[in-house]
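Below, all heavy atoms of this structure are taken into account, side chains as well, without hydrogens, waters or symmetry copies.
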Amino acid sequence: MIPFFKKSPANGQPRRLTVRILRHNPADPSSVPHLQDFAIEEAEGMTLFIALNEIRATQDNSLQFDFVCRAGICGSCAMLIDGRPGLACRTLTRDLGDTITLAPLPVFELIGDLSVNTGKWMRGTSERLQTWIHANSAPKLDALEERMEPALAEEIYELDRCIECGCCIAGCGTAQMREHFVGAIGLNKIGRFRLDPRDTRSDEDFYELIGDDDGVFGCMSLVGCHDVCPKQLPLQTQIAFLRRKMALMGLR
Ligand code: SF4
Ligand code: F3S
Ligand code: FES
């Protein structure tokens, strides 16, 4: 058999890995969730993306998982890696033990094995939080955009780096207990639109969207979101800022 990826033995011997995957196909009534072990040889620079593709190509073509960009940009490959949410395409096997356990992200609808429907959750949250610019009038097609201070543009850009991977939701205890909690990603988006001078909504308008226990007051400061965000967004600072702002407005 032709190796899927060039093997590069360390000290003469490549490491033998066991990839333990939580398997389940909710579309099949006879499917029972179970762990399945796959043995592979580690290769130099191997990521979980490469490992999973090797398993699918050589051992089980029914294995379900998602990848698009392989570069930490699209957010589709997030999964639980040894119990911690992370991006499979940015995770090197050499940073993990001989046995690697993979499971789908919790909270999101399971499609099958490691594939979850983050898009459905993200769309629902975006609609609920109205994460688009609210302007008083439609911009004219030939109009130049208002100039924005570079420091402010930079601040907005920083929050816009979210790739909607869902790791912050999967790493949040509140999101697992409270079905409609908007989580760090939702609060981060509100923080982003609050900053944007093109958005004419007032603080009271934003309060209407997140000033309850499914919003900023549901957050119990568990900080898991901040710890697992692969883009290192300042989630904790954002949430603390919004909570303080709303408390100062006398809204809680
Ligand atoms: Fe992923 Fe971070 Fe965005 Fe959450 S805030 S969805 S962890 S990139
Ligand atoms: Fe959850 Fe992050 Fe708050 S983990 S409880 S959203 S600080
Ligand atoms: Fe796009 Fe991993 S495949 S972030």
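In terms of modelled atom types and a separation under 3.5 Å, the side chain of D205 and the main chain of S202 share a donor-acceptor contact. Not a single donor-acceptor pair under 3.5 Å links the side chain of Q238 to the backbone N or O of R192. The closest donor-acceptor contact from the side chain of R243 to the backbone of C219 lies under 3.5 Å. A side-chain donor-acceptor contact under 3.5 Å links T200 to the backbone of H134. Between the side chain of K231 and the backbone N or O of G72, at least one donor-acceptor pair lies under 3.5 Å. In this structure, R128 contributes its side chain and H180 its backbone to a donor-acceptor pair below 3.5 Å.
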>> As a quick check of understanding, evaluate side-chain contact (heavy atoms from CB on, under 4.5 Å) for M148 and D196, giving each step before the final call.
In response: CA-CA 9 Å; M148 195 186 289; D196 198 315; 4.1 Å; yes
> Going through the distances and angles, do H226 and Q232 end up as a side-chain contact (heavy atoms from CB on, under 4.5 Å)?
Replying inline: CA-CA 7 Å; H226 192 95; Q232 288 89 38; over 6 Å; no
>> Checking V19 against I40 for the side-chain contact (heavy atoms from CB on, under 4.5 Å) test, could you report, in this order, the C-alpha distance in whole Å, the side-chain angles of both residues, the deciding distance, and whether it holds?
In response: CA-CA 8 Å; V19 183; I40 55 167; 4.0 Å; yes
>> Using the rule given for side-chain contact (heavy atoms from CB on, under 4.5 Å), can you reason through E42 versus R94, listing the C-alpha separation, both sets of side-chain angles and the distance that settles it, and then say yes or no?
In response: CA-CA 8 Å; E42 189 172 41; R94 70 163 176 250; 4.0 Å; yes
>> Please determine whether side-chain hydrogen bond (donor to acceptor under 3.5 Å, both in side chains) holds for the pair R23 and S62, giving the CA-CA distance in whole Å, both sets of side-chain angles, and the decisive distance to 0.1 Å.
In response: CA-CA 10 Å; R23 307 288 313 264; S62 72; 3.1 Å; yes
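Annotation: side chain of M46 is not in contact with side chain of L92 (no heavy-atom distance under 4.5 Å). Taking the side chain as every heavy atom from C-beta outward, C229 and C167 never approach each other to under 4.5 Å. Proximity of T118 to E109: side-chain heavy atoms (C-beta onward) are nowhere separated by under 4.5 Å. Between D199 and F193 the shortest side-chain heavy-atom distance falls below 4.5 Å. With a 4.5 Å cut-off on side-chain heavy atoms, R161 and L233 count as touching. Counting only heavy atoms from C-beta outward, the side chains of L52 and L114 approach each other to under 4.5 Å. Taking the side chain as every heavy atom from C-beta outward, Q59 and E54 never approach each other to under 4.5 Å. With contacts defined as side-chain heavy-atom distances shorter than 4.5 Å, the pair L110/P104 qualifies.
I185 and V182 sit in two unconnected hydrophobic clusters of ILVMFWY residues. Membership requires side-chain heavy atoms under 4.5 Å apart, directly or through other members. Cluster membership check: L209 shares its hydrophobic cluster with M246, using side-chain heavy-atom separations under 4.5 Å among Ile, Leu, Val, Met, Phe, Trp and Tyr. Hydrophobic clustering (side-chain heavy atoms under 4.5 Å, transitive across Ile, Leu, Val, Met, Phe, Trp, Tyr) keeps I169 apart from V228. Residues L129 and F217 are members of one and the same hydrophobic cluster, defined by side-chain heavy-atom contacts under 4.5 angstrom among Ile, Leu, Val, Met, Phe, Trp and Tyr. Criterion: ILVMFWY side-chain heavy atoms under 4.5 Å apart, direct or through other members. Under it, L17 and L96 are part of a common hydrophobic cluster.
Interatomic distance, CD of Q36 versus CD1 of I21, reported as 7.5 Å (0.5 Å rounding). Taken to the nearest 0.5 Å, the CG atom of N25 stands 11.0 Å off from the CD1 atom of I111. Separating the CZ atom in R201 from the CD1 atom in I190 is a distance of 6.0 Å, to the nearest 0.5 Å. Annotation: the span from C77 atom SG to I163 atom CD1 amounts to 7.5 Å, rounded to 0.5 Å. For the atom pair CG of L48 and CG of L87, the computed distance is 10.5 Å after rounding to the nearest 0.5 Å. For the atom pair CZ of R15 and CD of E41, the computed distance is 12.0 Å after rounding to the nearest 0.5 Å.
Nearest heavy-atom pair, C162 versus N188, reported as atom, atom and distance to 0.1 Å: CB-ND2, 4.2 Å. For the pair Q64 and G112, the tightest heavy-atom approach, listed with the atom from each and the gap, is CB-O, 3.4 Å. Residue P197 comes nearest to I156 through the heavy atom pair CD-CD1, 4.3 Å, listed as atom of the first residue, atom of the second, then distance. The minimum heavy-atom distance between A71 and R90, with the atom names listed, is C-CD, 3.7 Å. The two residues A170 and L105 come nearest to each other via the heavy atoms CB-CD2, 3.6 Å. Scanning both residues, P234 and L159, for their nearest heavy atoms gives CG-CD2, 4.1 Å.
Ring-plane geometry between F65 and F67 is classed as perpendicular, the angle between the planes exceeding 60 degrees on a 0 to 90 degree scale with a lower cut at 30.
With no hydrogens or angles considered, no side-chain donor-acceptor pair links T18 and D37 at under 3.5 Å.
No cation-pi contact links R20 to F38, judged by a cut-off of 6.0 Å to the six-membered ring centre and 45° from its axis.
Salt-bridge check for D113 with R56: failed, with every basic side-chain N at 4.0 Å or more from each acidic carboxylate O. In summary, E164 and K189 engage in a salt bridge, as defined by a charged side-chain N under 4.0 Å from a carboxylate O. No salt bridge links R16 with D98; every basic N to acidic carboxylate O contact stays at or beyond 4.0 Å.
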